[in-house]
Amino acid sequence: LFPYTTLFRSRGLSFFWWARLAALLLVSFEIGMLVTKKNRALSLAFSLLVGFSPLVQWWFAINGLVEMLVFGFLAVLMVYHYMNTTKYWKRILFALVTVECGCAFVLTLYPAWMVPIGYVMGGFVLWVILTNRKNFQFQAKKDLPIIAMFFLVLILCLGYVFLKSKDAIVLTMGTVYPGHRENTEICPVNYLFQYLTNLFTPIYDIAGMVPAMNVVEISRFFSFFPLGLILSIYAMIRRKKADSLSIILIVISFIMGVFCFVPLPSFLKTITLMNFSTNNRILPILMLAQLILLFLAVCWLEKPIRWFFALPASILMGLFLAWQAYEFSSAYFSLCRLVVLGLLVAVVTILCLTMQNRKRLQHIFVVIMAVLCFFSGVLVNPVQRGSTELAENPVVEAISDVVEQNPNGLWIVDTLPYPYINLPIVAGAPTINSTNVYPDLERWYLLDPDHSDEDIYNRYAHITICLDPGKTRFEYGIALDQFTLRLNPNDLDLLEVEYICTNRDLTTLATDEVSFELLNQVGNQFIYQVIYS
């Protein structure tokens, strides 16, 4: 039976990985077709810059970011097609797909991403309505029931799911993180240029060079900001005509920027829902808005800018962004990296200014974007065939042997941090300190009867447990989604722990009440059974 289980697991993981990426690339391409007036080359470039963006690739499998983008973009497309068809069976179908998009978006249940993405998608929908209202053939007797059906089915579906998942939702919303965190910090303005590091982070780590940041938290859409903003304003002045989507995206970018860089009263954050998000979640979506604005501006120009204007402007943009990169982190950006970055920005800028109605330059632009995506995004996630490396890991196999004998025995991982805390659950071992999406408050109350440390453990958390002869105590982690439990061996029985996976000898921690029997050793990994007196 094991080979079949492995086969299904591998196929399931493969579908989870590639189907989501394919869906994101496809809907991003279609959004690009709307923005670029059906320019396939630029739409392909936009699709690559979204699907293989550093942000998407570093956050690919967690927190529902890919799903939010897929269903958000798809909802925009459904509204567009609804307004541009006269066949009512299609309108009903588009409305039902929009219901699915709405439900899927809401049920990602990660407001820190949902709110800023919702602003961008809401702006897109507003633009679609404004630009298609004259062509939209509205018949009250037919369209009003469809719209009413949309809201009714959406409410019923969400109501059913919320009713079934009420406990989990209430538990999540009641957490310190992510439920009750508040965005109180103000960013330095140069955080707008964090995305510049993403060109190198898959190859060169930023550890110790960018304070309080890691490669995941610093990942962004590579937007070439402020090129899109400058170019869109110039295009509207040049054509002496305002573009509604450009204005909407500029306004949304300004709003998100204000919440990141300006101290605001709490009530304003509350009524705008920005209290559910943080600067490190708002800024990446601000870069998404700027990326869309860039492609919109390139097409809005219509006619290329002359080379004797475009060339010095491109050089200045390259020098400016290289300078901003150096100002952001002089320790990280060596002279070589600054030169590569400056050249890239200069070449992209001159193409954006001159490739209108020039297919060859547009194709060169696509190739450059593909190379950029390869180094900044594709290299983030290595290609892996099957799940053999995980399923046949010697430690996993050793844990599996124990699980076969006692499938319900509770495990903890001692000393080892994330992601090793999740290794036993790969083998089907119930593990107390695997990543807790929902806090198990009843369990932690056994160790903290007066709930004095609830602020520490009432959160989505990667939990490190360290057996310690001292008093059992909870400690804050280095990030909001972490905490450490210093656990006295005598308190293991309160958690009903039967097995421990660790990288150290536990026999020295034996007491009169508890001892540790070594069941197996794989390299420097030990598996112990807990023996109670």
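Values reported hereafter were calculated over all heavy atoms of this structure, with side chains retained and with hydrogens, waters and symmetry mates removed.
- Other residues, nucleotides and ligands contribute over 12 non-hydrogen atoms within 6.0 Å of the CD1 atom of Ile203.
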Worked check of side chain to side chain contact (heavy atoms under 4.5 Å, CB included) between Leu286 and Cys260
CA-CA 10 Å; Leu286 191 158; Cys260 290; 5.5 Å; no

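- Below 30°, between 30° and 60°, or above 60°: for Phe136 and Phe138 the angle between ring planes is between 30° and 60°, a tilted geometry.
- A donor-acceptor pair shorter than 3.5 Å can be found between the side chains of Ser246 and Asp243.
- The shortest side-chain heavy-atom distance between Thr175 and Tyr460 does not fall under the 4.5 Å cut-off.
- With a 4.5 Å cut-off on side-chain heavy atoms, Met236 and Ile247 count as touching.
- Ring planes of Tyr332 and Phe200: perpendicular class, angle over 60° (limits at 30 and 60°).
- The shortest non-hydrogen separation linking Thr36 to Ser43 is OG1-OG, 3.1 Å.
- With values rounded to the nearest 0.5 angstrom, Tyr110 atom OH is found 10.0 Å from Leu65 atom CG.
- Under the 3.5 Å distance criterion, the side-chain polar atoms of Asn84 are left unmatched by any main-chain donor or acceptor of Tyr82.
- Counting only heavy atoms from C-beta outward, the side chains of Leu311 and Ile315 approach each other to under 4.5 Å.
- Residues Gln482 and Arg459 are not in side-chain contact: their nearest non-hydrogen atoms beyond the backbone lie 4.5 Å or more apart.
- Checking each of Ser232, Ser253, Ser223 against Gln290 for a side chain to side chain donor-acceptor pair (under 3.5 Å) leaves exactly one that passes, namely Ser253.
- Taking 4.5 Å as the limit, every side-chain heavy atom of Thr349 sits out of range of all side-chain heavy atoms of Leu231.
- In this structure, Phe124 and Phe73 have perpendicular ring planes: the angle between them is above 60°, well past the 30° mark.
- In terms of heavy atoms, Leu21 sits closest to Phe60 at CB-CZ, 3.8 Å.
- Using a 4.5 Å heavy-atom cutoff, the side chains of Val56 and Phe221 are in contact.
- The NZ atom of Lys269 sits 8.0 Å away from atom CZ of Phe259, with the distance rounded to the nearest 0.5 Å.
- Summarising the geometry, atom CZ belonging to Arg220 is positioned 13.0 Å from atom CZ belonging to Phe193; distances are rounded to the nearest 0.5 Å.
- For the residue pair Leu416 and Ile421, the shortest heavy atom distance occurs at O-CG2, 3.4 Å.
- Listed here is the closest heavy atom pair of Thr272 and Tyr119: O-OH, 2.9 Å.
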Walk me through whether Leu69 and Leu288 qualify under side chain to side chain contact (heavy atoms under 4.5 Å, CB included).
CA-CA 10 Å; Leu69 292 172; Leu288 173 61; 4.0 Å; yes

Derivation of the side chain to side chain contact (heavy atoms under 4.5 Å, CB included) call for Trp113 and Asn63
CA-CA 8 Å; Trp113 288 126; Asn63 290 348; 4.0 Å; yes

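- The number of heavy-atom neighbours closer than 6.0 Å to CZ of Arg238, taken from other residues, nucleotides and ligands shown, is above 12.
- When atom types are taken as modelled, the side chain of Thr201 and the backbone of Val215 share no donor-acceptor pair closer than 3.5 angstrom.
- The two atoms that bring Trp127 and Ser244 nearest to each other are CD1-OG, 3.0 Å, heavy atoms only.
- Considering Leu372, Val367, Val371 in turn, Leu372 is the only one that fulfils the side-chain contact (heavy atoms from CB on, under 4.5 Å) rule with Met369.
- Considering CD of Glu67 and CG of Leu107, their distance stands at 11.5 Å, rounded to 0.5 Å.
- For the pair Trp58/Asn198, no side-chain contact is recorded, criterion being any heavy-atom separation below 4.5 Å from C-beta on.
- Across Asn357 and Glu302, no two heavy atoms sit closer than the pair ND2-O, 2.9 Å.
- Taking the six-membered ring wherever Trp is involved, the centroid distance between the rings of Phe224 and Phe222 falls below 6.0 Å.
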Take Phe46 and Ile292, measure what side chain to side chain contact (heavy atoms under 4.5 Å, CB included) needs, and give me the verdict at the end.
CA-CA 8 Å; Phe46 177 76; Ile292 298 168; 3.8 Å; yes

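- Under a cut-off of 6.0 angstrom, the local environment of OH in Tyr326 is sparse, with at most 12 non-hydrogen atoms contributed by other residues, nucleotides or ligands.
- Leu294 is listed as a side-chain neighbour of Cys352, based on a closest heavy-atom distance under 4.5 Å.
- The side-chain contact (heavy atoms from CB on, under 4.5 Å) with Leu44 is formed by just one residue from the set Leu49, Val366, Asn39, Leu25; it is Val366.
- Atom CZ of Phe15 has 12 or fewer heavy atoms from other residues, nucleotides or ligands within 6.0 Å.
- Under the 3.5 Å distance criterion, the side-chain polar atoms of Glu475 are left unmatched by any main-chain donor or acceptor of Thr484.
- Counting heavy atoms of neighbouring residues, nucleotides and ligands inside a 6.0 Å radius, atom NZ of Lys38 does not exceed 12 of them.
- Remark: side-chain polar atoms of Ser219 are paired, donor with acceptor, to backbone N or O of Val216 under 3.5 angstrom.
- The number of heavy-atom neighbours closer than 6.0 Å to CZ of Phe261, taken from other residues, nucleotides and ligands shown, is above 12.
- The NZ atom of Lys37 lies 5.5 Å from the CH2 atom of Trp300; values are rounded to the nearest 0.5 Å.
- Not one N or O on the side chain of Gln137 forms a donor-acceptor pair closer than 3.5 Å with the backbone of Met83.
- Taken to the nearest 0.5 Å, the OH atom of Tyr191 stands 12.0 Å off from the CD1 atom of Ile186.
- A cation-pi contact, defined as under 6.0 Å to the ring centre and within 45° of the axis, links Arg337 to Tyr204.
- Ion pairing between a basic and an acidic side chain is recognised when a charged N comes within 4.0 Å of a carboxylate O; Arg281 and Glu217 show such pairing.
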